[in-house]
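Letters A, B, ... are given to chains in the order of the sequence lines, protein chains preceding strands, and every chain is numbered from 1. Small disclaimer: the values here were computed from a predicted structure and weren't measured.
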2 protein chains.
Amino acid sequence: MDSTELPADSLMRVAVDLVILTVVDGVLHVALVTRGIAPFRGRPALPGGFVRADEDLAQAAQRELAEETGIELGSGHLEQLASYGAVGRDPRGRVVSVAHLALIPAERLRGGGDARTADWCPVDAVLADAGRLAFDHARVLADGLERAASKIEYTSVAASLCPPEFTVGQLREVYQAVWRRPVDPRNFHRKVTSAEDFLVPVPGGRSHGAGRPAQLYRVGPATLLRPPMDRQTIN
Amino acid sequence: MDSTELPADSLMRVAVDLVILTVVDGVLHVALVTRGIAPFRGRPALPGGFVRADEDLAQAAQRELAEETGIELGSGHLEQLASYGAVGRDPRGRVVSVAHLALIPAERLRGGGDARTADWCPVDAVLADAGRLAFDHARVLADGLERAASKIEYTSVAASLCPPEFTVGQLREVYQAVWRRPVDPRNFHRKVTSAEDFLVPVPGGRSHGAGRPAQLYRVGPATLLRPPMDRQTIN
DNA sequence: TCTTTAATCGTCAACTTGACGATTAACGCC
DNA sequence: GGCGTTAATCGTCAAGTTGACGATTAAAGA
């Protein structure tokens, strides 16, 4: 394990940062912490932390997710987003951050408790004052939002933002929240229910609440939606 | 710049690896080097190297690209692919590699000279014996190929694998090479020429060679192709 | 000149999409 | 219990796109 033959100037700190998204009442929220230490003390930041010597990148991301949101990633989704390594992005020294994107259902939110816990902030409000975000987190967040918006076009990950059983209406709310754009209920219903293996109806499962009761669905075995939905054109 | 307050066990080496693709005579090739030092001495590997203290990730990738292929990335395309940080991926110690994908036109290839220069290998042959690749480069290559195949579905990056001026037929050859699948010339022609701002005809530009001369095009201002082409369905 | 090779234009039926009307089935309220 | 409200779901239709594939065109080479 001696690595004296390796160049010393490539020794850097490696961190993970998390763009954790959820949809509450039709509004997209992102998990943010308030930094308690310098640099950027008191400023909002994405949850994250340094990768430990004995864990890989995905493990570090899952650990931070659990530590800062109390979420164990059951029906949620976690994927690597991109890495950010500009020379001066952290004033403490060279830090390369491997950002991850997490999509979790609102029902699994824990009422923010201790100081370590992240707060859920409406994305619109955060973007309106993105300059306050620590480090290069404004860009990381923007990249995460773009990734989420494009990924639900052609995959079934949007269901990760819903409870395990959900209605077409709930799924549509997720699309509208992530795309920041209204989606026609009738065409959306036709699209997602006619896509093979995309949704599986729960036998006898019906929703409650106002309006006509809706069929409950679970995500189907198809992870890809073909042809994809087009957020530019839709409606 | 003192960073004593940061955890020491997150100090790692950061490298860039490159999946450099090009199409020669309708066949997809990837640039590989033969490792001259341990570990994996004598085995094929993706070009790459450690990130220096004064350069960011994209700069490191461009530097390695220039060093190992002599390519200055004119009309080519370079994007970040993903990061790989499994604990034991490099026996010399903890190394996190930020992989990049480069797509370059065949015409810019330099006849491999010195030992530092990479060799162009047909992708099929490399995949047939992917186990010989050093480190986790088999997975990195697979991810790069998948990225390239999916990205040309909905963007104009395929043109990065063509010379600055090219025919529809040349572009189609690129698609066929990357997708490993035949594409109908008539439908392909209709699709790419009718997509707004995707291709711009070069006034008076006509190809030579066998068969009816073809109109020459340049990439248009539109970077996205909507609706995308579907490599699953096409033909 | 004839054959071969590509490029490009056309045709057509099948499918998908956006727009939007109509119906259905619960809820809350009088 | 009847009524308005809210959603879900079904239908319709014209417009656009796609896959399959025929036909024509223009050059190179024999």
Side-chain angles (χ1 to χ4, degrees), chain A residues 25-26 152-154 162 165-177 179 181-196 198-217 222 224-235, chain B residues 25-26 152-154 162 165-177 179 181-218 222 224-235:
Chain A
D25 295 329
I152 65 175
E153 287 189 310
Y154 62 97
C162 294
E165 298 188 353
F166 53 88
T167 68
V168 173
Q170 283 177 288
L171 187 63
R172 184 169 52 86
E173 254 196 2
V174 164
Y175 274 85
Q176 295 185 143
W179 283 346
R181 154 178 329 225
V183 176
D184 183 273
R186 297 155 292 191
N187 293 335
F188 182 81
H189 187 279
R190 177 181 58 191
K191 176 73 176 171
V192 296
T193 56
S194 69
E196 194 116 15
F198 194 70
L199 298 181
V200 224
V202 178
R206 315 231 108 230
S207 73
H208 48 320
R212 172 175 168 178
Q215 173 68 53
L216 288 176
Y217 293 90
L224 292 179
L225 179 61
R226 294 185 333 103
M229 276 187 266
D230 186 348
R231 71 186 133 136
Q232 302 293 302
T233 304
I234 221 158
N235 275 21
Chain B
D25 294 331
I152 64 175
E153 288 189 311
Y154 62 96
C162 294
E165 299 188 350
F166 53 88
T167 68
V168 173
Q170 283 177 288
L171 187 62
R172 184 170 52 86
E173 253 195 5
V174 164
Y175 274 85
Q176 295 185 144
W179 282 346
R181 155 179 330 229
V183 175
D184 182 272
R186 297 156 291 190
N187 293 336
F188 182 82
H189 187 279
R190 175 181 60 192
K191 176 73 175 171
V192 297
T193 55
S194 69
E196 194 117 12
D197 292 330
F198 194 70
L199 298 182
V200 215
V202 177
R206 315 229 110 232
S207 72
H208 49 317
R212 172 175 168 177
Q215 173 68 52
L216 288 177
Y217 292 90
R218 292 178 169 277
L224 292 179
L225 179 61
R226 293 186 333 101
M229 276 187 265
D230 186 347
R231 70 185 134 137
Q232 303 292 301
T233 305
I234 223 157
N235 276 18

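Side-chain contact between A:Val168 and A:Gln215: absent, with no pair of heavy atoms (C-beta onward) separated by less than 4.5 Å. A heavy-atom distance below 4.5 Å is found between the side chains of A:Pro227 and A:Lys191. Side-chain atoms of A:Val192 and A:Met229, non-hydrogen and from C-beta on, do get closer than 4.5 Å to each other.
Rounding to whole angstrom units, CZ of residue A:Arg190 and C1' of D:dC13 are separated by 11 Å. When rounded to the nearest whole Å, the span between CZ of B:Arg226 and C1' of D:dT18 equals 17 Å. Rounded to an integer number of Å, the gap from B:Asp184 CG to D:dG22 P is 11 Å. Atom CE of B:Met229 and atom C1' of D:dG19 are 14 Å apart (whole Å). In this entry the distance linking CD of B:Gln215 with C1' of C:dA6 reads 15 Å, nearest Å. Separating the CG atom of B:Asp230 from the C1' atom of C:dT16 is a distance of 13 Å, rounded to the nearest angstrom. Residue B:Arg186 contributes atom CZ, which lies 20 Å from atom P of D:dT17 at whole-angstrom precision. Put simply, NE2 on A:His189 is 20 Å from P on C:dC20, counting in whole angstrom units.
Positionally, the nearest nucleotide of DNA chain D for A:Gln170 lies more toward the 5' end than for the other of A:Gln170 and B:Pro228.
Annotation: salt bridge (Lys or Arg N to Asp or Glu O under 4.0 Å) contacts of B:Glu173 (sequence neighbours excluded): none. Scanning for ring-ring contact (aromatic ring centres under 6.0 Å, His included) contacts around B:Tyr175 gives B:Trp179, B:Phe188, with sequence neighbours left out.
Close to C:dA6, at under 4.0 Å from its OP1 or OP2, lies no side-chain N or O of B:Arg172. Taking 4.0 angstrom as the limit, B:Lys191 places a side-chain polar atom (N or O) nearer than this to OP1 or OP2 of D:dT18.
Atom-to-atom distance recorded for B:Asp184:CG and B:Arg172:CZ is 8.0 Å, nearest 0.5 angstrom. Rounding to the nearest 0.5 Å places CD of A:Glu165 at 12.5 Å from CZ of A:Arg206.
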Output one line per pair: protein atom, nucleotide atom from nucleotides 24-28 of chain D, and distance, for all N/O pairs under 3.5 Å.
from, atom 1, to, atom 2, distance (Å)
D:dT25, O4', B:Arg212, NH1, 3.4
D:dT25, O2, B:Arg212, NH1, 3.3
D:dA26, N3, B:Arg212, N, 3.4

